[in-house]
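Just so it is clear: chains get the letters A, B, ... in the order the sequence lines come, proteins before strands, and each one is counted from 1.
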2 protein chains.
Amino acid sequence: MDNTAGKRPTVKDVARLAGVSQGTVSNALSGMRGVDPETRQRIDQAIATLGYVPNLAARRMRTGLTNTIAVMTSMPAAVSAGSSRLGFLMEIAASAAIHALDYNSALVLVPPVADPAVALRHVAMDGAIVIEPQRDDAFLSLLKHRGVPVVVIGEPPASHPSGGDLPWVDLHYTRTAELLLSHLLEQGARRIALILGTSSRASQSTTEVIYQAWMLLRGIPPCVIRVPETEGEEGAYQATRYLLTNNPDVDAIFVPVDAFATGAMRALRDEGRTVPDDVRVVTRYDGLRAREERPALTAIDLHLDQVAALATRLLMDLIAGKEIQQVTEGPLPSLVARGSSQD
Amino acid sequence: MDNTAGKRPTVKDVARLAGVSQGTVSNALSGMRGVDPETRQRIDQAIATLGYVPNLAARRMRTGLTNTIAVMTSMPAAVSAGSSRLGFLMEIAASAAIHALDYNSALVLVPPVADPAVALRHVAMDGAIVIEPQRDDAFLSLLKHRGVPVVVIGEPPASHPSGGDLPWVDLHYTRTAELLLSHLLEQGARRIALILGTSSRASQSTTEVIYQAWMLLRGIPPCVIRVPETEGEEGAYQATRYLLTNNPDVDAIFVPVDAFATGAMRALRDEGRTVPDDVRVVTRYDGLRAREERPALTAIDLHLDQVAALATRLLMDLIAGKEIQQVTEGPLPSLVARGSSQD
DNA sequence: CTGAAAGCGCTTACAG
DNA sequence: CTGAAAGCGCTTACAG
């Protein structure tokens, strides 16, 4: 298969064997310019004989395109890391990888790590999908500096300096909060507490706004606890114990971050409260954590595969220079009611 | 930040501003050759002023390295696809992405699709991790043709034409089968059936061999059903109903493929059998499917994050031209006993 | 320690 | 439809 020199054959080798010029081989390969059928056949023959495979790096350098997109999130490792905890990011990555193929592109998975600059240093990409960025998101800043086209999943934080003009796919934060709150109220909950992260993400602020409005409307005293994402499950555990001590009459806890929900469930067990009889619990992301909890957690199906498919197509259009709208409606979230909130 | 021409600055621009040659800038960047501290400072200054970011495609073309590895599996989509079904592949990908960073490399996620050649066409990589390849695995053949270094996760099928000499990380198929069978026997199961896929993977053949030996030793008549992976959950559903009709005294089913286990559980429900009282069920991969089933499925913790970390390091050593052993012991699997097999 | 130059393997105007 | 040539932006011998 290999040529005699022992190194990979190049267009030059193919051209020589087929008796044409390099440019003609290139044209036959790319289909950009017409090539005589008979000539094309000779070239295909030569390619097969030599086992020629194009050097992608050379092609990329020449065209400036990498046929690669990347997906990333700056969500702190404490709430997203651990191989089986990466659900949110990984669901999106899996779907994006499949849909990127339709555009002849590969997907690079950028893991959540301490230093985004390090994570991106060796990633060449035509565009990026950024999941739920926070204010002053490091990934967003780096990408802007590099001039990489970006599509955001979830509403970007208000007035992000690195571009309030970024296109995004709506994850319906308002509707998500309403689905969970109305479910809790329907189930008879009256003293609903909210445990949020401290990061400045739109998902958090929107959830709090909706929660406050709903509580106000129903005359329920609001109770919001914020836990730094970096403290992860344990931070939520401590916060929940504190909550139960100071608000012993709480009968429901709304915990959007699933890692926090795990901590809250443990705290409830340790405090001797029964879920859902004494206290109902709901979370947002319907991943491993929600499903392995006992009772399993009521959560929201965000239809992330469809969201990722949408984001991928938008990004490809953006890369291709097409006009795209700034906000794209994602699929509507749906409630997945489970034992943690209903009898 | 950008230079006046509106295009990205290059080493040339940096060199001009710093008053040195291109080569010196390159040396300062790579650290390959010593550079005078004072000169280096001028270069760093110029880089900062211009906002210079190296063109990775050019670097890759020149060095022949891509700082990228890929992870892939040829497991049919019917048993692995669907965003939340990709657990096995995604757990490995998540871990590999993190560990690849230690080697300044990015991870490309190659999704399971109908045509591996299409999936790989635009992927440039220094090496690849291939998960549980089957005999005549298309990915393995393509990679061999391209001369890409490969590390396999799980034992490769016997005498693979594309290289029985591939290095691999052991997933302990024998021990896994023994853990599950001994657990079933301990729980009192005596009529154990085995439902396998038809693909030629070592995990399947090893499991069957162990199963047959154990049954023989205990005088239990073996009962093995093979279902094509392409038929997925539904195929296993049909097979299980057939099994229960023809072997009504079955009191346990060993279903290594988790998608099949979901089908088997549904068949048991439809046949009016109670799990675990009438029939005990165990599977291998401890993912979403195992945990959301009711009762939750007894499964095996394969410690895939550690397996992936090992595979990544091995691959990096292989790429670096180091000698590596052909077989690497992965972490030992451990039983996760759940309601599907114990009272 | 530094510079000048070659060349990696493609694709793309530019001619014909 | 095809060829000859330039050039993408790096890194790396080769001199000094």
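- In this structure, B:Thr63 does not reach the C:dC8 phosphate: none of its side-chain N or O atoms is under 4.0 Å from OP1 or OP2.
- For B:Arg40 and A:Arg59, each mapped to the nucleotide of DNA chain C holding its nearest heavy atom, the one lying further toward the 5' end belongs to B:Arg40.
- Rounded to the nearest 0.5 Å, atoms CG (B:Asp102) and CE (B:Met316) are 8.5 Å apart.
- Nearest to the side chain of B:Val11, among C:dG9, C:dT2, D:dC10, sits D:dC10.
- Among the nucleotides C:dT2, D:dT12, C:dT12, the one closest to any side-chain atom of A:Ser26 is C:dT12.
- Taken from CG in B:Leu120 to CG in A:Leu101, the straight-line distance is 9.5 Å, to the nearest 0.5 Å.
- Checking B:Asn55 against B:Thr24, the closest nucleotide of DNA chain D that is more toward the 5' end is the one next to B:Asn55.
- Put simply, the side chain of A:Thr68 reaches to within 4.5 Å of the side chain of A:Arg60, judged on heavy atoms.
- Computed from coordinates, the A:Lys12 NZ to C:dG7 P distance equals 10 Å when rounded to whole Å.
- Checked by atom type and distance alone, the side chain of B:Thr66 pairs as donor or acceptor with a backbone atom of B:Asp126 at under 3.5 Å.
- In the set C:dG9, C:dT2, D:dT2, the nucleotide with an atom closest to the side chain of A:Thr39 is D:dT2.
- Side-chain contact between B:Met75 and B:Ile131 is absent, with no heavy-atom pair separated by less than 4.5 Å.
- Ranking D:dA4, D:dC8, D:dC10 by closeness to the A:Ser21 side chain, first place goes to D:dA4.
- Rounded to whole angstrom, the span from the CG atom of A:Leu65 across to the P atom of C:dT12 amounts to 10 Å.
- The CG atom of B:Leu304 sits 5.0 Å away from atom CD1 of B:Ile92, with the distance rounded to the nearest 0.5 Å.
- A donor-acceptor pair is defined here as one N or O able to donate and one able to accept, closer than 3.5 Å; such a pair exists between the side chain of B:Arg201 and the backbone of B:Glu132.
- For the pairing with B:Leu166, the side-chain contact (heavy atoms from CB on, under 4.5 Å) check across B:Leu143, B:Val152, B:Leu318, B:Val151 returns one residue only, B:Val152.
- Here C:dT2 presents its P atom at 7 Å from CD1 of B:Ile43, a figure rounded to the nearest Å.
- Atom-to-atom, CG of A:Asn27 to P of D:dA4 comes out at 14 Å; the value is rounded to the nearest Å.
- Between the CE atom of A:Met61 and the C1' atom of C:dC8 there is a distance of 7 Å, given to the nearest Å.
- The CZ-C1' distance, from A:Arg8 to C:dG9, rounds to 10 Å in whole Å.
- Note that CD1 of A:Ile153 is 9.5 Å distant from CG of A:Leu89, once rounded to the nearest 0.5 Å.
- DNA chain C is contacted by both B:Gly19 and B:Arg62; B:Gly19 maps to the nucleotide lying nearer its 5′ end (nearest heavy atom per residue).
- A:Gln41 has its CD atom 13 Å from the P atom of D:dT2, to the nearest Å.
- In this structure, the CD1 atom of B:Ile47 is 10 Å from the P atom of D:dC10, given to the nearest Å.
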Exercise. Pairing of DNA chain D as dot-bracket, 5' to 3': ( ) intra-strand, [ ] crossing, | other strand, . unpaired, with Watson-Crick or G-U pairs under 3.5 Å?
Worked result: |||.||||||||.|||
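- Listed by first then second residue, pairs satisfying salt bridge (charged side-chain N to carboxylate O under 4.0 Å, His left out) with a partner in residues 308-319 of chain B read B:Asp317-B:Lys322, not counting sequence neighbours.
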Is there any protein nitrogen or oxygen under 3.5 Å from a nitrogen or oxygen in nucleotides 14-16 of chain D, and what are the pairs?
residue	atom	partner	partner atom	Å
D:dC14	N4	B:Arg33	NH1	3.0

